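Below you'll find the structure, written out as structure tokens, and then a few comments.
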Amino acid sequence: MVLLAACSPDEPPSPPVRLQTTIAFPPKDTFQLGLPALTRWCSDRQSILIESLSPEGSGVMMRLRYRDSLHSDSFPIVLPDDTGAVPAATVALRFFVDDTPHGYTLDSGGVHVERTANAIVLSGTGVGVEKAMRMRAWFESEPVPLGTDSVPCNYSP
């Protein structure tokens with residue numbers, strides 16, 4: 001019996017946690033990104049980094065800055081150099097249109113975070129400018145497990 005249990009196939013891997021993002025690219029295009037997401041605590045102990053990136057270079061990076069601890073809350077979206085705003089979210093997007101990379105940082109909007117003991121669920125909308133065009137993005141996630149490692153998350157212009 002033990003031999004049969006050892007020969008049984010492994011359980012199928014669970015699907016990756018996904019962050020779904022919709023980007024409205026003027027004048028009429030809309031792009032969808034559905035990518036795995038993970039979190040890393042920032043070494044400053046007052047923020048967390050959410051990464052949802054593809055190997056090809058498309059994706060979303062988000063940094064949530066909080067006061068004492070991360071809990072369910074709404075975070076206004078600010079530019080990366082606005083280091084005084086707390087709580088706040090910084091959101092950057094990158095995608096390709098016909099092999100041409102596009103990237104921009106959202107400058108307004110908001111991110112809503114629902115936190116459980118060991119995961120967060122994200123939803124939000126924001127607007128940013130790339131090449132003089134205003135673009136809107138919407139995003140929502142499945143529960144993303146909170147990571148255990150930390151990374152430096154300092155902003156440098």
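In this text, all values refer to a predicted model and were calculated from it rather than measured experimentally.
Checking side-chain atoms of Thr125 against main-chain N and O of Ala137 turns up a donor-acceptor pair under 3.5 Å.
Between Leu35 and Val60 there is no side-chain heavy-atom pair separated by less than 4.5 Å. Contact annotation: the side chain of Phe139 approaches that of Leu106 to within less than 4.5 Å [non-hydrogen atoms, C-beta and beyond]. Between Val113 and Val121 there is no side-chain heavy-atom pair separated by less than 4.5 Å. When side chains are defined from C-beta on, Ile120 does not count as touching Glu114, because their heavy atoms never get closer than 4.5 Å. For the pair Ile77 and Asp107, the minimum side-chain heavy-atom distance is 4.5 Å or more. The shortest distance between side-chain heavy atoms of Leu49 and Val151 falls below 4.5 Å. You'll find the side chain of Leu93 stays beyond 4.5 Å of the side chain of Met135, heavy atoms only. Taking 4.5 Å as the limit, every side-chain heavy atom of Val86 sits out of range of all side-chain heavy atoms of Gln46.
Every pair tested for disulfide (SG to SG under 2.5 Å) that includes a residue from residues 91-131 fails, sequence neighbours excluded, so the list is empty. Residue pairs meeting the ring pair (Phe, Tyr, Trp, His ring centres under 6.0 Å) criterion with at least one partner in residues 86-128, sequence neighbours excluded, are Phe25-Phe95, Phe25-His102, Phe31-Phe95, Phe95-His102. Pairs passing the disulfide (SG to SG under 2.5 Å) check and including a residue from residues 24-60, sequence neighbours excluded, read Cys42-Cys153. For residues 16-26, the set of pairs meeting the side-chain hydrogen bond (donor to acceptor under 3.5 Å, both in side chains) definition, not counting sequence neighbours, comprises Thr22-Gln32. The list of disulfide (SG to SG under 2.5 Å) pairs with a residue in residues 109-148, not counting sequence neighbours, is empty. Contacts classified as side-chain hydrogen bond (donor to acceptor under 3.5 Å, both in side chains) and involving residues 34-45 (residues at least two apart or in different chains) are given here: Arg40-Glu51, Asp44-Ser47, Asp44-Arg63.
Contact detail for Pro101 and Arg94: the closest heavy-atom pair is CB-NH2, 3.8 Å. The minimum heavy-atom distance between Val91 and Val111, with the atom names listed, is CG2-CG2, 4.2 Å.
The 12-atom threshold is not exceeded at CD of Glu140, counting heavy atoms of other residues, nucleotides or ligands nearer than 6.0 Å.
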